[in-house]
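The sequence lines fix the lettering, A, B, ..., with proteins before strands; numbering per chain opens at 1.
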Number of protein chains: 2
Amino acid sequence: MALRHNNIPDVLLTPAEVAKLFKVNPKTVARWAASGKLDSLKTMGGHRRFWKSDIDRILGIKPAETRIGQLRNLSIFEPEDKRR
Amino acid sequence: MALRHNNIPDVLLTPAEVAKLFKVNPKTVARWAASGKLDSLKTMGGHRRFWKSDIDRILGIKPAETRIGQLRNLSIFEPEDKRR
DNA sequence: CCTGACTTGGGTAATTGGGGTA
DNA sequence: CCTGTCCCAATTACCCAAGTCA
């Protein structure tokens, strides 16, 4: 799994990041989400975030790892006595 | 294990942890709390902590799919109207 | 030519990110 | 080192008009 500098895997992507991957306008990505073509969740402020696993699967880059699987691997979900 | 106001066992997350989960800046999480969009409590030093169950729910993760969620699924911790 | 479905781009308001500071 | 707060620029959401095409 791709790890960031802080050892936390990238799970969500911003509209701009998705747009760069597909080489489309960020506005187009928003329309994909609005029309249900691409699943997304929203921040408390209403901005969209996309599941990296969805994007990877669509791009055919990686054998899809489930969203839950990715989240489970986050260190903050480990038992507190085994952190760090 | 921290107990929430409704006596349901829960886990607390720091602003940085919540920020990573939502792929936003920690300062954004602080704004959510300051504006009442996200429930939080404050440590004795004035720093915020967030309820993991809140984050899970917003992210669209079913309780059964998380560690703490497994505990919450015990019927004795479930609200009457939601027991199964 | 007209029509309906769809896509694209502009304008505006709101949210977010990053710097500086405490 | 992490966080809270303020400021300002960048990003995004949403609405709506203009354009495309069958």
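Both distances falling under 3.5 Å, in either a Watson-Crick or a G-U wobble arrangement, place D:dG19 opposite C:dC6. Partner assigned to D:dC1 is none, using Watson-Crick or G-U wobble distances below 3.5 angstrom.
Across every non-hydrogen atom of A:Phe50 and A:Asp39, the tightest pair is CD2-O, 3.5 Å.
In this structure, B:Leu38 atom CG and C:dT15 atom C1' are separated by 15 Å, rounded to whole Å. Between B:Met44 atom CE and D:dT3 atom P there is a gap of 18 Å when expressed in whole angstrom units. Taking atom CZ on A:Phe50 and atom C1' on D:dT12, their separation rounds to 10 Å, with Å as the unit. For A:Lys20 and D:dT12, the NZ to P distance is 9 Å, given to the nearest whole Å. Taking atom NZ of residue A:Lys42 and atom C1' of nucleotide D:dA13, one finds them 7 Å apart after rounding to whole Å. One can place CG of B:Leu13 at 11 Å from P of D:dT3, the figure rounded to the nearest angstrom. Counting to the nearest Å, the C1' atom of D:dT12 and the CD atom of A:Glu17 are 14 Å from each other. Here the P atom of nucleotide D:dT11 and the NZ atom of B:Lys23 are 15 Å apart, to the nearest Å.
A donor-acceptor contact under 3.5 Å links the side chain of A:Arg31 to the base of C:dG9. With hydrogens and angles ignored, a donor-acceptor pair closer than 3.5 Å exists between the side chain of B:Lys27 and the base of C:dG20.
Residue B:Trp32 is classed as a sugar-phosphate contact, given heavy-atom separations below 4.0 Å to backbone atoms only. Using a 4.0 Å heavy-atom cutoff across all strands shown, B:Gly46 reaches sugar-phosphate atoms only and no base atom. Across all strands shown, A:Lys37 has heavy atoms under 4.0 Å from sugar-phosphate atoms exclusively, and none from any base. Here A:Ala34 lies out of heavy-atom contact (under 4.0 Å) with every strand.
Contact between the side-chain N/O atoms of B:Asn25 and the OP1/OP2 oxygens of C:dG18 is found at a separation under 4.0 Å. Residue A:Thr28 has no polar side-chain atom (N or O) positioned under 4.0 Å from OP1 or OP2 of C:dT7. Look at B:Arg48 and you'll find a side-chain N or O under 4.0 angstrom from OP1 or OP2 of D:dG4.
Among the nucleotides D:dG4, D:dT12, C:dG17, the one closest to the side chain of B:Val24 is C:dG17.
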Next on the checklist: One pair to check against side-chain contact (heavy atoms from CB on, under 4.5 Å): B:Leu12 and B:Lys52. What are the steps and the verdict?
Outcome noted: CA-CA 6 Å; B:Leu12 296 178; B:Lys52 181 178 178 302; over 6 Å; no
Item to check | A:Trp51 and A:Val11: CA distance, side-chain angles, deciding distance, side-chain contact (heavy atoms from CB on, under 4.5 Å) verdict | outcome: CA-CA 6 Å; A:Trp51 296 95; A:Val11 175; 3.6 Å; yes
Cut-off 3.5 Å, no hydrogens considered: what does the side-chain donor-acceptor table look like for residues 19-34 of chain A, sequence neighbours left out?
{"from": "A:Asn25", "atom 1": "OD1", "to": "A:Lys27", "atom 2": "N", "distance (Å)": "2.8"}

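Remark: B:Thr14 OG1 to B:Arg48 CZ distance equals 13.0 Å, nearest 0.5 Å.
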